Amino acid sequence: MSRVLARAVVLLVFVAACSNGSNTSSNQSFSGTTIRVVTFTGPQIAEPLQRRAPDFEKATGAKVQIITVPFSDLYQKLLTDFATKTNSYDATVFDPQWMGDYVPPGYLEDLTDRVKNDSALQWNDIAPFFRDFSATFKGKVYTIPLDGDFQMVYYRKDLLQKDGLQPPATWDDYISIAQHFQGKDLNGDGKPDYGSCLAMKRSAQSYWAWISIAAAYLQSQGTKQGAFFNTDNMQPLTNNPAAAAALTVYKTLSKIGPPEQLNQDVGDSRGLFVTGRCALSLDWGDIGPLAVDKTQSTVQDKVGAIILPGSKKVLDRSSNQLVDCNATLCPYATNGVNHSPFAAFGGWSGAINKAASAKVKDAAFAFLSYMSQPAQSSVDVTIGKTGFNPYRTSHFNNMGPWTASGMSETAANDYLGAIKSSLQSPNMVLDLRIPQTAFYQQTALDTALAQFLAGEISLTQCMTQITNQWNSKTEEIGRASQLDAYRSSLSITK
Amino acid sequence: MAIIRRRGGSVSTTSISFPAMTLSYIALFAWTFVVLFPLYWLAVTALKTPLEVNAGPFYIPWRDFQPTLDSWHYIFFDLREDTFRPYTNTVVVGLTSTAITVLLGSMAAYGLVRMRYRVGYGAIASFVVALAIAVAVVVAGGPWPLGLVAGIGVFVLLLQTVARRWKRGVGNDDIAFWMISQRMLPPVATVIPIYIFFQQLQLLDTWAALIISYTAAHLPIVVWLMRDYFQSVPVELEESAAIDGASPYRIFRSIVLPLAVPGLVATFLFVLVFAWNEYLIALFLTSANAQTLPMTVAAQNATRGPQWWYMSVLILIMIGPVIAMAIALERYIARGLLVGAVKG
Amino acid sequence: MHASARAVSAAASWWRPMASRLDRVAGGVFILPAVVVILAFSIFPLLSSLYVSLSRLGFAQGGVELKFVGFDNYAKLLFGIDRPHFLGVTGPLTPIGIAVLLAIYGLFALLLYRYARGPNRTIGGLVGRVLATAIAGTLVWLIVNTVLTSGRPGTLVVTLVYVAVDVSVQYLLGLGLALLVVQHLPGRRFFRVVFLLPMMITPVGVAYLFRMIVDTSKGPLYPLWAHFGLTDISWVTNPWGARLAVMVGDVWQWTPFIFIVLLAAIETLPHELVEAAVVDGANRWQVFWRITFPQILPATITVVLIRIIEGFKIVDLPNVLTNGGPGTATESLTLHAYTIWRALDIGGSAAVAYMLLIVVTFVGISYVNLFRPRAATAA
């Protein structure tokens, strides 16, 4: 009762402030409130939050305290805090993949109504994929996207042009281009360089790279088809000709690259790519701003980006065979090639702790909304160190901030073109977000991939191992509830 | 009885032949190179731009690459508070917990060396029963303070009655082994219980939580190491002091501790190092205020891969004080400073 | 000065009985603080992680819940889906493997026989030794069947290999360095401080440092690799190469620990003994074996025990250097526990931790029983 009263008072003050003629952002309705926001230790993600917190305080009176913990342990730390009801954090900027673990126990605040009522947020400006899938769980909005994450292929435009090669449209093209450049000197330092640099290290980003490849073979009929499980019975899609094809591609690529590829994470592969040592790479949006950074890169204006390569053959789920694309099987194919851009990880997003007090929740929402509003975010996504990648339509249409950040017009067009074509694809692959996602991906899938690459297990052993481990976990938690969670994450409603 | 200080240099028992000396120096310099080269690499990495790290290897500043203080600037000026706050925490927690640990641990070690303990099986059984009752209270839904009180009550009661009849028990070596066995469980298995422990005490994110955890975690090491150093202190000295009427505390403080200074110093140094560098417990017990430096180091590997240049700076500034401490304390490990001619 | 002495004697009238009572309980006063702290702090984690290892974490409306599942988590490790990961994959025995097995089992049998026929045998001692031999025999069988065959070792065997190799190399190096540095060489204080340095770096930092060093494409060893034409080969993507990298890092970091303990032990020795021996005409080798070594044996045993216990918990180096890869080649038990713990399988993680606890306890007790009596007779 008293909470309702408090809310009413807040609302009254708010309305009063508005009716005074000042605009909403200059009232001090949150003075005296402190919002504790936790994220990982930056500069990425934390930097823009810390930089903009004083402005937000000036505008609203709410003090924002940014708490950072090492990236590798953020998930556990947050979960421990929620589960033990310690509640040391009011809001978090986190990976929406974790929603599968945080939403069902009721740790996160439902933001649906707030989002609807906040015009400044310009919700409809956010790209449909992030709005409808990434921020949403079981039809309700739980997060405010602050970053757009999906994987793309980067290539050395100068090298491909010189040798008259087209950017890869399929994974077979990717392999042949990589083979073409492997062992040649690509940056003029006299040392032999590499055809393709991928992050294949265990317990790092390896499984995302593999899913990026596998998606092309596995999902062809839109996001709701799902690329991990059969949406009718929760059977894993990891033991079929499509998975086998992707594993073969992956293993082939493990040999067309730096000798240490099996022990390299994205930090290594990015370092190699932006110092001109690789012809191709598969990565998130980060390479774009990195490649134009003169302190890090020697390949300014030599980098092109393109939507993830696809496949001419896709899995026919009724016969469990790889078959050639046709209009019914691949409705979204271009030139007979099915592309399935993969929203790996999902993009850092803000969420609010349900256990926080009403006023703090309001303030936290206002802060997250402030961070996402185009006025702020369109600048932040062009700055390399923020780690924010574009996720709003206005980010693509407004070239000003991009060229102001030092990207040439062509580079910006190239980079944004790849993002745009990925984002507009109705066949985007949503990353897994069901309870215990970490087990399915980081433990079961990642370990099996590492063992397969290292030659500890064969291709068929690898597929059976993943399938068995996934199935045993599903049984353990309950097949029906996992199926329900998977379908909800894909927003499938009967 | 008097302890006479003698200069270290005056005790030269063995003169060293020239070939032996040459061989010794070769071996010593070889290992010095092994030790210092990685540290040198750290130092030059701290002066490189990301580009130079990734395009490397470059070895010598000014010749192979143009050194820059960008990373140092980032750590000291851009991060500023985020570097200094954990730094202060590390220093306070490290020194306090080490001092307490070494004090309590030396006392226990001395006890284990010079006194005879006999913990009756009856006492152990009483403890187990009391513990079971305490656990039962908590599992049944009672608040933990009630469980604690109930457990202690039962324990004292049983100890005074039943346990008195059961005389056989475990001795000093078993106690020592029990202590060291507390370090056998990897921290990953204990960190969440420890977190809940401090959450209940409302001590999360404080120095106290870290100091208490580190003290408990490192006590067994101190006990074991100091036990051996005390064993090598001649017992005759203590006996004669006891005959002169000195109390056990006085003997411990004025005779035993000074004689075991090399051991104390060595033990102090690495307990300090352990506490200084601990990661997992610090990660869980702290959030905004009490974070320590190892987390700052680990945090340099985020979504963009390891930031070698920042990491190198952090590691260097982290070991600075410990090295200073080692240099200051090293002379106490030198032979003959305190130990030596003892006439009594 | 005089006044204060009088004040003390005045106070002594009530203090003296109090003090003598305090003296009588000195034993308790010395040991109890440590015991209480350790007890208070170890019982709860120990019991709760035991319970966790018998349960499974699940999410329910409103929070998490622990569901009791009995020995499921252990069964999974020993017989079930995680067996290849934990215990490894065995291959057909090779002649070398059979020879090694026979040799070690023969040695075990001989030792048991000698004890059984010896004068000091007791029933308890015999049962303990048979049990210990059985466990050790099983571990040896596991090692031989996974390492010396076409199979692959699981995390248990990898950890045993780490501990065995690391601790022995560290001990030999540490002892050698300590002996070199106690000599009266000019500059010895410089070496003493320098040799301590690796230990002072935070373990995570050492791991990252070694990741820079072992990188053969942009690390400092590149010219060496290029010189031998090895640029196409990386040692960290080969199972034994990667394990070697982990072990090199561990030796580099922890040799100083053994070095400083032994150094302090040697420095605490009464040197009259050495002087007497030298007067009697003993050479350096004899002095070491007859005087120094027996005198530092207690410290040796302690430091090796501590290193064994800590070595079993190795995690940062494999975690950062290779993340346990290639495949699962460098994954230690603690890393195994940590990896599945991060994926919320805290029950399975606690089970791995308890298996580790059992192995370390076994190794520790056997080790202490093997060496403690010898130290007692030597000292």
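Source: prediction; values computed, not measured. So you know, we letter chains A, B, ... as the sequences are listed, proteins then strands, and number each from 1.
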Undergrad: Side chain, backbone, both or neither: which part of C/Leu333 has a non-hydrogen atom closer than 4.5 Å to chain B?
TA: neither

Undergrad: Anything under 30° is parallel, anything over 60° is perpendicular, the rest tilted; go ahead and classify B/Trp31 against C/Phe195.
TA: perpendicular

Undergrad: Please tell me if the side chains of B/Val135 and C/Tyr51 come closer than 4.5 Å, counting only heavy atoms from C-beta onward.
TA: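 No, every pair of side-chain atoms sits at 4.5 Å or beyond.
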
Undergrad: Please rank B/Met21, B/Arg116, B/Met311 by heavy-atom pairs under 4.5 Å with chain C and give me the top one.
TA: B/Met311

Undergrad: Could you tell me the separation between the CD atom of C/Gln253 and the CG atom of B/Asn277, rounded to the nearest 0.5 Å?
TA: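 Here the interatomic distance stands at 8.0 Å.
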
Undergrad: Taking the side chain as every heavy atom from C-beta outward, state whether B/Arg183 and C/Lys313 have any atom pair closer than 4.5 Å.
TA: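 Side chain of B/Arg183 against side chain of C/Lys313, heavy atoms only: contact under 4.5 Å found.
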
Undergrad: Picking from C/Thr334, C/Ile201, C/Val204, C/Ile213, which has the most non-hydrogen pairs under 4.5 angstrom with chain B?
TA: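 Heavy-atom pairs under 4.5 Å are most numerous for C/Ile201.
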
Undergrad: Of the backbone (N, CA, C, O) and the side chain (C-beta and beyond), which part of C/Leu185 lies under 4.5 Å from a heavy atom of chain B, both, or neither?
TA: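 Both backbone and side chain.
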
Undergrad: Tell me, for B/Leu316 versus chain C, whether the close heavy atoms (under 4.5 Å) come from the side chain, the backbone, both or neither.
TA: neither

Undergrad: If I measure from the heavy atoms of chain C, does B/Met115 come under 4.5 Å with its side chain, its backbone, both, or neither?
TA: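 For B/Met115, side-chain heavy atoms alone lie under 4.5 Å from chain C.
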
Undergrad: Picking from B/Val191, B/Leu225, B/Val223, B/Ile212, which has the most non-hydrogen pairs under 4.5 angstrom with chain C?
TA: B/Leu225

Undergrad: Using a 3.5 Å cut-off and no angle test, enumerate the donor-acceptor pairs between side-chain atoms of residues 25-47 of chain C and protein atoms at least two apart in sequence or in another chain.
TA:
| unit_1 | atom_1 | unit_2 | atom_2 | d |
| --- | --- | --- | --- | --- |
| C/Ser42 | OG | B/Gln182 | OE1 | 3.2 |
| C/Ser42 | OG | C/Ile38 | O | 2.7 |

Undergrad: With a 4.5 angstrom heavy-atom cut-off, is it the side chain or the backbone of B/Thr45 that approaches chain C, or both, or neither?
TA: side chain

Undergrad: Please flag which part of B/Val188 lies under 4.5 Å from any non-hydrogen atom of chain C: side chain, backbone, both or neither.
TA: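 For B/Val188, heavy atoms of backbone and side chain both lie under 4.5 Å from chain C.
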
Undergrad: Determine whether a donor-acceptor pair (N or O, by modelled atom type, separation under 3.5 Å) exists between the side chain of B/Tyr59 and the backbone of C/Pro220.
TA: yes

Undergrad: Starting at CE of B/Met295, measure out to OG1 of C/Thr202 and round the result to the nearest 0.5 Å.
TA: 11.5 Å

Undergrad: Mind ranking C/Gln183, C/Met199, C/Met212 by heavy-atom pairs under 4.5 Å with chain B and telling me who comes out on top?
TA: C/Met212

Undergrad: Give, as side chain, backbone, both or neither, the part of B/Phe198 having an atom under 4.5 angstrom from any heavy atom of chain C.
TA: side chain

Undergrad: Where is the tightest heavy-atom contact between C/Trp252 and B/Val34, given as atom of each residue plus distance?
TA: NE1-O, 3.0 Å

Undergrad: In terms of heavy-atom pairs under 4.5 Å, which option from B/Pro187, B/Pro234, B/Pro294, B/Pro38 contacts chain C the most?
TA: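 That would be B/Pro38.
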
Undergrad: Hey, could you give me the CE/CD1 distance between B/Met184 and C/Ile358, rounded to the nearest 0.5 Å?
TA: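 The CD1 atom of C/Ile358 is 12.0 Å from CE of B/Met184, to the nearest 0.5 Å.
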
Undergrad: Drop me the distance from C/Thr361's OG1 to B/Ile180's CD1, to the nearest 0.5 angstrom.
TA: 12.0 Å

Undergrad: Go through the atoms of B/Pro248 and report whether side chain, backbone, both or neither lie under 4.5 Å from a heavy atom of chain C.
TA: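 Contact with chain C involves both backbone and side-chain atoms of B/Pro248.
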
Undergrad: Under 4.5 Å from any heavy atom of chain C, what part of B/Leu272 do you find: side chain, backbone, both or neither?
TA: neither

Undergrad: Is C/Phe312 close to chain B through its backbone or its side chain, or both, or neither, when contacts mean heavy atoms under 4.5 Å?
TA: neither

Undergrad: Please rank C/Leu263, C/Val206, C/Thr255, C/Ile260 by heavy-atom pairs under 4.5 Å with chain B and give me the top one.
TA: C/Ile260

Undergrad: If you compare all heavy atoms of C/Ser49 against all heavy atoms of B/Ala189, which two are closest, and at what distance to 0.1 Å?
TA: CB-O, 3.4 Å

Undergrad: Working to the nearest 0.5 angstrom, can you tell me the gap between B/Ile327 CD1 and C/Arg189 CZ?
TA: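 Spacing of CD1 (B/Ile327) from CZ (C/Arg189) equals 9.5 Å.
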
Undergrad: Pick one of side chain, backbone, both or neither for C/Ile296, based on which atoms fall under 4.5 Å of a heavy atom in chain B.
TA: neither

Undergrad: Can you find a pair of side-chain heavy atoms, one from B/Thr32 and one from C/Phe190, that are under 4.5 Å apart?
TA: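 They are in contact (side-chain heavy atoms under 4.5 Å apart), so the answer is yes.
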
Undergrad: Heavy-atom cut-off 4.5 Å, strictly under: side chain, backbone, both or neither for C/Ile306 against chain B?
TA: side chain

Undergrad: If you count heavy-atom pairs under 4.5 Å between each of B/Thr267, B/Leu131, B/Leu185, B/Ile315 and chain C, which one has the most?
TA: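 Heavy-atom pairs under 4.5 Å are most numerous for B/Leu185.
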
Undergrad: Tell me, side chain or backbone of B/Phe197 under 4.5 Å from chain C's heavy atoms, or both, or neither?
TA: both

Undergrad: Check whether C/Ser53 gets within reach of chain B through its side chain, its backbone, both or neither, counting any heavy atom under 4.5 Å.
TA: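 Neither part; nothing is under 4.5 Å.
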
Undergrad: Please identify, among B/Phe37, B/Trp276, B/Tyr279, B/Phe127, the residue contributing the most non-hydrogen atom pairs under 4.5 Å to chain C.
TA: B/Phe127

Undergrad: Could you check C/Trp254, C/Phe257, C/Phe259 and say which one makes a ring pair (Phe, Tyr, Trp, His ring centres under 6.0 Å) with B/Phe270?
TA: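 Of the listed options, the one satisfying the test is C/Phe257.
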
Undergrad: Out of C/Val352, C/Val261, C/Leu356, return the one with the most heavy atom pairs under 4.5 angstrom to chain B.
TA: C/Val261

Undergrad: For the CG atom of C/Asp215 and the CG atom of B/Asn54, what is their distance to the nearest 0.5 Å?
TA: 9.5 Å

Undergrad: Please state whether the side chain, the backbone, both or neither of B/Leu103 comes within less than 4.5 Å of a heavy atom of chain C.
TA: neither

Undergrad: Just so I know, are the side chains of C/Leu196 and B/Val35 near enough to count as touching, which here means a heavy-atom distance under 4.5 Å?
TA: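 Not touching, per the 4.5 Å side-chain cut-off.
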
Undergrad: Chain C heavy atoms under 4.5 Å from B/Ile192: which part of the residue, side chain, backbone, both or neither?
TA: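 It is the side chain, since no backbone atom gets that close.
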
Undergrad: Using non-hydrogen atoms and a 4.5 Å limit, figure out which bit of B/Phe252 sits close to chain C: side chain, backbone, both or neither.
TA: side chain

Undergrad: Which heavy-atom pair separates C/Tyr222 from B/Pro57 by the least distance, and what is that distance?
TA: CB-CG, 3.7 Å

Undergrad: With a 4.5 Å heavy-atom cut-off, do B/Tyr25 and C/Pro186 have their side chains touching?
TA: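 SC-SC contact between B/Tyr25 and C/Pro186 confirmed.
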
Undergrad: Within the 4.5 Å heavy-atom criterion, are C/Leu209 and B/Leu42 side-chain neighbours or not?
TA: yes

Undergrad: Given a strict heavy-atom distance threshold of 4.5 Å, which part of C/Lys218 is in contact with chain B: side chain, backbone, both, or neither?
TA: both

Undergrad: For the interface with chain C, which of B/Ala217, B/Ser106, B/Ser213 has the highest count of heavy-atom pairs at distances below 4.5 Å?
TA: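 Option with the greatest count: B/Ser213.
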
Undergrad: Looking at C/Ala350, C/Pro223, C/Ser349, which makes the most heavy-atom pairs under 4.5 Å with chain B?
TA: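 Of C/Ala350, C/Pro223, C/Ser349, C/Pro223 has the most heavy-atom pairs under 4.5 Å with chain B.
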
